Enquirer: 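I have a structure here, written as structure tokens, and I will follow up with some questions on it.
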Amino acid sequence: MAVTISASAVKELRERSGAGMMDCKKALIECEGDIEKASDYLREKGLAKAVKKSGRIAAEGIIDSYIHMGGKIGVMLEVNCETDFVARTEQFKALVHDISLHIAAANPMFVKAEDVDPEVVAKERAIQTAAALEENKNSAKPKPEAIVEKMVEGRMSKFLKEICLMDQPFVKNPDQTIADLVKESVATIGENIQIRRFIRWEMGEGLTKKVNDLAAEVAEQINK
């Protein structure tokens, strides 16, 4: 017997998943009208298509702001998707806000490795190379130059993962990176999602703060 799929069921699934209307209808037909199963069905199908979607144009989206620690840390973040419809869904907004929260907590410097300033890479490589050579020189069993180079490369890889948002473990689920989180969201929402840019402020950052010596101040007042 053919299952009758109501427009309200399609609408509910679309709002929940962010997938297209026809995809939602097909999923409901496949799952005999069960919205929960249809949601899982769309997610499974979406994971297989997520990589293909990464090349599609994402020109819609939202800018999110997040203030942390009573005004001590602030974040502004732009995340893009393909349609205004998805940009207005609670699922997409929640994703963007979670990423803003992560940026406040993890303090990344760049979105991805390709964005890292070459001067930053060169400076860090010089530091790591000098440190590795010094360690090797003082080692009881010095390693060949090729091994030292591999040590430096390993440390550089770790450094880039620490400063690049996409490679950082998600603060709410350290078992997945931000890249994994975005890919999973592409699968469930059904559109290409791109983290475009962000900025993070920390109160007093870059300023020289006055350090008060209370004992010295008291002594000065006594001696006046």
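Please read all numbers here as calculations on a predicted model, not as lab measurements.
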Enquirer: On a heavy-atom basis, which atom in Pro169 and which in Pro174 lie closest, and how many Å separate them?
Expert: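 In this case the closest contact between Pro169 and Pro174 is CB-O, 3.6 Å.
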
Enquirer: Check whether more than 12 heavy atoms from other residues, nucleotides or ligands sit under 6.0 Å from atom NZ of Lys93, and answer yes or no.
Expert: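 Result for NZ/Lys93: enclosed.
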
Enquirer: Do Val79 and Arg196 come close enough that some side-chain heavy atom pair is under 4.5 Å?
Expert: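 SC-SC contact between Val79 and Arg196 ruled out.
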
Enquirer: To check you understand the geometry: which heavy-atom pair defines the closest contact between Ile62 and Phe92, and what is its length?
Expert: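 For Ile62 and Phe92, the tightest heavy-atom pair comes out as CG1-CE2, 3.7 Å.
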
Enquirer: Group every Ile, Leu, Val, Met, Phe, Trp and Tyr by side-chain heavy-atom contacts under 4.5 Å, then state whether Leu77 and Leu101 land in the same group.
Expert: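 Yes; Leu101 is reachable from Leu77 via cluster members.
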
Enquirer: Please name all residues satisfying ring-ring contact (aromatic ring centres under 6.0 Å, His included) with His97, sequence neighbours left out, ordered by chain then number.
Expert: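 Partners of His97 by the ring-ring contact (aromatic ring centres under 6.0 Å, His included) criterion, ordered by chain and then number, come out as Tyr66.
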
Enquirer: To the nearest 0.5 Å, tell me how far Ile199 CD1 sits from Ile103 CD1.
Expert: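 One finds 11.0 Å between CD1 of Ile199 and CD1 of Ile103.
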
Enquirer: Could you grab the distance from atom CD of Gln128 to atom CD of Glu153, nearest 0.5 Å is fine?
Expert: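 If I round to the nearest 0.5 Å, the distance is 10.5 Å.
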
Enquirer: Could you tell me if the side chain of Ile99 sits less than 4.5 Å from the side chain of Leu165, heavy atoms only?
Expert: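 Touching, per the 4.5 Å side-chain cut-off.
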
Enquirer: Hey, mind stepping through Met151 and Lys143 against side-chain contact (heavy atoms from CB on, under 4.5 Å) and telling me if it holds?
Expert: CA-CA 10 Å; Met151 289 169 56; Lys143 299 176 176 62; 4.1 Å; yes

Enquirer: Do Val182 and Glu184 make a side-chain contact, defined as non-hydrogen atoms from C-beta onward lying under 4.5 Å apart?
Expert: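 No - every pair of side-chain heavy atoms lies 4.5 Å or more apart.
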
Enquirer: Do Met109 and Val121 share a hydrophobic cluster (ILVMFWY, side-chain heavy atoms under 4.5 Å, transitive)?
Expert: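 Yes, it is one cluster - the side chains of Met109 and Val121 are joined through contacts under 4.5 Å.
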
Enquirer: Looking at side-chain heavy atoms only, is the closest gap between Ser65 and Val75 below 4.5 Å?
Expert: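 No, side chains not in contact.
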
Enquirer: Working to the nearest 0.5 Å, report the span between CG of Asn192 and OG of Ser185.
Expert: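 Between Asn192 CG and Ser185 OG, I get 12.0 Å after rounding to 0.5 Å.
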
Enquirer: Got more than 12 heavy atoms from elsewhere within 6.0 Å of CD, Glu32?
Expert: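 It does not: Glu32 CD has 12 such atoms or fewer within range.
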
Enquirer: Looking only at the side chains, is there a donor atom on one of Thr177 and Asp180 sitting less than 3.5 Å from an acceptor on the other?
Expert: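 Looking only at side-chain atoms, Asp180 and Thr177 do form a donor-acceptor pair, the distance falling under 3.5 Å.
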
Enquirer: Scan residues 101-112 for pairs that pass side-chain hydrogen bond (donor to acceptor under 3.5 Å, both in side chains), counting only residues two or more places apart or in two chains.
Expert: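 Every side-chain hydrogen bond (donor to acceptor under 3.5 Å, both in side chains) pair that includes a residue of residues 101-112, provided the two are not neighbours, is His102-Gln168, Asn107-Arg200, Lys112-Asp115.
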
Enquirer: My understanding is that a hydrophobic cluster links ILVMFWY residues whose side chain heavy atoms are under 4.5 Å apart, including indirect links. Using that, what else belongs to the cluster containing Met69?
Expert: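 Hydrophobic cluster check, Met69: joined to Ile73.
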
Enquirer: Which distance, rounded to the nearest 0.5 Å, do you find between the NZ of Lys72 and the CE of Met203?
Expert: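 With rounding to 0.5 Å, NZ (Lys72) is 5.5 Å from CE (Met203).
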
Enquirer: Pairs in or reaching into residues 149-201: which pass ring-ring contact (aromatic ring centres under 6.0 Å, His included), with residues at least two apart or in two chains?
Expert: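 Every pair satisfying ring-ring contact (aromatic ring centres under 6.0 Å, His included) with a residue in residues 149-201: there are none.
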
Enquirer: Main chain of Arg125, side chain of Thr129: is a donor-acceptor contact present, judged purely on distance under 3.5 Å?
Expert: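 Yes: the side chain of Thr129 pairs with the backbone of Arg125.
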
Enquirer: Examine the side chains of Asn136 and Glu134 and answer whether a donor and an acceptor come within less than 3.5 Å of each other.
Expert: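 Not at all, the side chains of Asn136 and Glu134 share no donor-acceptor pair under 3.5 Å.
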
Enquirer: Find out whether Val10 and Leu28 are in side-chain contact, i.e. whether some heavy atom of one side chain is under 4.5 Å from a heavy atom of the other.
Expert: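 Yes. Closest side-chain heavy atoms under 4.5 Å.
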
Enquirer: Which heavy atom of Ala105 sits nearest to which heavy atom of Val171, and what is that distance?
Expert: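 Minimum heavy-atom contact is CB-CG1, 4.0 Å.
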
Enquirer: Roughly how far apart are Ile178 CD1 and Leu95 CG, rounded to 0.5 Å?
Expert: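 So the gap between those two atoms works out to 8.5 Å.
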
Enquirer: Give a yes or no answer on whether the side chain of Glu191 reaches the backbone of Glu82 with a donor-acceptor pair at less than 3.5 Å.
Expert: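 Indeed, once roles are kept as given, a pair shorter than 3.5 Å links the two residues.
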
Enquirer: Specify the closest pair of heavy atoms between Arg197 and Val111, including all atoms of both residues, with the distance to one decimal.
Expert: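 Heavy atoms only, the tightest pair is CA-CG2, 4.3 Å.
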
Enquirer: So do the side chains of Asn173 and Gln176 get within less than 4.5 Å of each other, counting heavy atoms only?
Expert: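 Heavy-atom side-chain distance check passes, below 4.5 Å.
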
Enquirer: To the nearest 0.5 Å, tell me how far Glu114 CD sits from Cys164 SG.
Expert: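 Here the interatomic distance stands at 8.0 Å.
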
Enquirer: I want to check something: taking the side chain as every heavy atom from C-beta on, are Ile193 and Asn80 in contact at a cut-off of under 4.5 Å?
Expert: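 The answer is no, as the side chains (C-beta and beyond) never meet within the 4.5 Å cut-off.
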
Enquirer: Going by the rule side chain to side chain contact (heavy atoms under 4.5 Å, CB included), which residues pair with Ala131 if we only count those two or more places apart in sequence or in a different chain?
Expert: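 Side chain to side chain contact (heavy atoms under 4.5 Å, CB included) check on Ala131 returns Glu135, Arg155.
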
Enquirer: Which ILVMFWY residues are connected to Ile127, directly or by a chain of links, through side-chain heavy atoms under 4.5 Å apart?
Expert: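 Other cluster members: none.
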
Enquirer: Can Val152 be reached from Leu160 by stepping across I, L, V, M, F, W or Y side chains whose heavy atoms are under 4.5 Å apart?
Expert: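 Same hydrophobic cluster.
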
Enquirer: If hydrophobic clusters are built from ILVMFWY residues whose side chains come within less than 4.5 Å, do Met156 and Val120 share one?
Expert: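 Hydrophobic grouping puts Met156 with Val120.
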
Enquirer: So, Ser100 and Asp64: side-chain donor and acceptor under 3.5 Å apart, yes or no?
Expert: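 Yes, Asp64 and Ser100 have a side-chain donor paired with an acceptor closer than 3.5 Å.
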
Enquirer: If you look at every heavy atom in Val148 and Ala132, which pair is closest and at what distance?
Expert: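 So the two residues come closest at CG1-CB, 3.9 Å.
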
